Amino acid sequence: MTRATHLAGHLPFDHALSPQLKFRHLPAAGRAFTNSPLDDLWDTDCARLPRGLRDLRRRARAFAQTHLAPIAGALDQQPHLAPGACPPAARQMLIEAGKAGWLSYFLPAPLGSLPWGAALHPPIWACSLVVEEFARACGGQMLLLSAHHLGCMPLLLSGRISTIREFLLPVYRSNERGDPHLVAFAITEPQAGSDVEEGHGAQQYRPGVVATPVAGGYLLNGRKCFISGGDLARSMTVFAALKGEGMESWTCFYVDCATPGVTIPRTEVKMGMRASGAAEVEFNNAFVPDGRVIGGLRNGWVLNRGTLNSSRIPVAAMGVGFARAATEVAIEFARRYRLAGKALLDYQDVQLHIATMLAETRALRNLVWQEARHARKPRQLHASLCKFHATDRAQVVCEMAMDLLADHGGLHEQRIEQIFRDVRLTRIFEGTNQINRLAMVEDWQGQLLDHTTNIGV
């Protein structure tokens, strides 16, 4: 049986009326203006990508299906672990991810592992493609892999070759050898979270981690919290205020987690993305040498903002991955589940429901790809808009899947309840979506306040 015949047997109407099948019988001139592929939508989208990114997306999907998906349910349901504990399956996944280049792909070969075909395009676009594939398979493992790149980003954005050579390349080489070296990004403090990720909130900042100058370096004291992957990280980019100063003095320090005075007292018992720990980090007179100041003194605020502008579009791609996973689960359930003697998918109201989910998911992907393809130098307005809109709407898609599955949606084996828990976190980290709305306006505020300027929405 051909694929076309097989598809026709499942159409909700007489297959003799199927445009997909009938377009094929038009004369050549007519076929030039019609489209009748039977490939799935994922393949159709891949065909639209430049070759280097198309190959990267296919590799990411294969890795996610082979290494992330099979252990996703078990990692999500495992008991809460002590800080630093890593299940054997997760550790093996990290080893394989490092060898495959998924922990070093923000720089092209030979510095990193990004193929040159993909490196011709903005790395944020490449990252967004990878993140969507990983999120679709498992939110927690996706975060474990992705948060590492967030930690590395200040090293890249420092703009100093010596920093990249001395700190980032050894991390990449270690991962590529199969010796996982994760880097955490430590900005959040008990009294300073999303509120200081936007200018107005930053003005009210009261330092929670303070760097005191001493001979040869600085002593860090204070506490960070909710640090993704901080429990397994071997190093961190830590943002601290200089003693006696506020946010304007924020400085980025590259900290070896084995440094005396650096401890991980706890990890959170959290709702979603459970395969990745959210760690509390304490600094008690932890010494950081002068040579580990990243980007110069008092440049931490701008490094932080640059990092977030680079990471918020990939976070939007997480939302796309979750919306896609929820839609796929809903479609498979509707094909399998029978009501009154026929498949749920044969009911028009179910078809309308799924059509909305598909449209939402594809619209979000189009938004992410549109912004990512132009994000060689990401702008705050675009990154924040993409992040809050995509993740807000992705949760709506997941809720629609929950509605469709009804009581079955609460069962762990159906996956949708895990996806639902995972997608909610995307609306919180990298700045809550409310803060991202303010960050968008902050970037745009000059135009808004200048009444002589054309707003140009």
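Sequence positions, counted from 1, serve as the residue numbers for this chain. None of these values were measured; they are calculated from a predicted model.
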Checklist entry - Given Phe420 and Phe322, is the ring pair (Phe, Tyr, Trp, His ring centres under 6.0 Å) satisfied, shown in steps? => result CA-CA 8 Å; Phe420 182 79; Phe322 292 133; over 10 Å; no
Item to check | Pair Ser384-Arg312, side chain to side chain donor-acceptor pair (under 3.5 Å): steps then yes or no | outcome: CA-CA 6 Å; Ser384 292; Arg312 283 172 172 167; 3.2 Å; yes
Checklist entry - Going through the checks in order, is the salt bridge (charged side-chain N to carboxylate O under 4.0 Å, His left out) test met by Asp179 and Arg234? => result CA-CA 11 Å; Asp179 179 18; Arg234 284 166 52 179; 3.1 Å; yes
Item to check | Check against side chain to side chain donor-acceptor pair (under 3.5 Å), Ser113 and Tyr172 | outcome: CA-CA 8 Å; Ser113 57; Tyr172 279 6; over 6 Å; no
Next on the checklist: Does Ile435 form a side-chain contact (heavy atoms from CB on, under 4.5 Å) with Leu438? I'd like the steps, not just the answer.
Outcome noted: CA-CA 5 Å; Ile435 289 295; Leu438 293 176; 4.3 Å; yes
Checklist entry - Please walk me through it: do Arg274 and Gln78 pass side chain to side chain donor-acceptor pair (under 3.5 Å)? => result CA-CA 9 Å; Arg274 292 174 176 168; Gln78 71 185 2; over 6 Å; no
Item to check | Test ring pair (Phe, Tyr, Trp, His ring centres under 6.0 Å) applied to His408 and Tyr337, step by step | outcome: CA-CA 10 Å; His408 297 269; Tyr337 191 80; 5.2 Å; yes
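The two atoms that bring Ala375 and Ile124 nearest to each other are O-CD1, 3.6 Å, heavy atoms only. Of all non-hydrogen atoms in Glu417 and Gly410, the two that sit nearest each other are CG-O, 4.0 Å. For Ile294 against Pro154, the heavy-atom pair with the smallest separation is CG2-O, 3.6 Å. Heavy atoms only, all atoms of each residue included: Lys224 and Ala186 are closest at CE-O, 3.5 Å. Nearest heavy atom pair, residue Ala126 against residue Leu56, reads CB-CD2, 3.5 Å. Contact record, Tyr105 with Leu114: O-CB, 3.3 Å, taken as the closest heavy-atom pair.
Side chain of Asn175 to backbone of Gly98: no donor-acceptor contact under 3.5 angstrom is found. With hydrogens and angles ignored, the 3.5 Å screen pairs a side-chain donor or acceptor of His353 with a backbone N or O of Met400. Of the possible donor and acceptor atoms, none in the side chain of Glu133 sits under 3.5 Å from a partner among the backbone N and O of Ala60.
With Arg427 as the fixed residue, the side-chain hydrogen bond (donor to acceptor under 3.5 Å, both in side chains) test singles out one of Asp392, Thr391, Asn436: Asp392.
Leu111 has its side chain out of reach of Ile164: every pair of non-hydrogen atoms, C-beta onward, lies at least 4.5 Å apart. A heavy-atom distance below 4.5 Å is not found between the side chains of Ile264 and Ile227. In this structure, Ser158 and Tyr254 have side chains that are not in contact, with every pair of non-hydrogen atoms separated by 4.5 Å or more.
Taking the charged nitrogens against the carboxylate oxygens, Arg365 and Glu360 have no contact shorter than 4.0 Å, which rules out a salt bridge. Under a 4.0 Å N-O distance rule, the pair Asp45/Arg362 qualifies as a salt bridge.
His80 and Thr267 form a side-chain donor-acceptor contact under 3.5 Å, judged by distance and modelled atom types alone.
In this structure, Arg421 places its CZ atom where more than 12 heavy-atom neighbours from other residues, nucleotides or ligands lie under 6.0 Å away. The local environment of CZ in Arg336 is crowded, with over 12 non-hydrogen atoms from other residues, nucleotides or ligands closer than 6.0 Å. In the displayed structure, Arg91 atom CZ is contacted under 6.0 Å by at most 12 heavy atoms of other residues, nucleotides or ligands. Environment of CD in Glu413: crowded, with over 12 heavy atoms of neighbouring residues, nucleotides or ligands closer than 6.0 Å. The 12-atom threshold is exceeded at CD of Glu332, counting heavy atoms of other residues, nucleotides or ligands nearer than 6.0 Å. A 6.0 Å sphere centred on CZ of Phe333 holds more than 12 heavy atoms belonging to other residues, nucleotides or ligands.
In this structure, Cys46 SG and Leu41 CG are separated by 11.5 Å, a value rounded to the nearest 0.5 Å. Separation of atoms CG (Leu308) and NZ (Lys387) is listed at 10.0 Å; rounding is to 0.5 Å. Here the OG atom belonging to Ser174 is positioned 4.5 Å from the CZ atom belonging to Arg177, to the nearest 0.5 angstrom.
The side-chain tip of Arg59 points at the ring of Trp102 from less than 6.0 angstrom away and within 45° of straight on.
Relative ring orientation between Tyr205 and Trp250 is described as perpendicular, the plane-to-plane angle rising above 60° on a 0-90° scale split at 30° and 60°.
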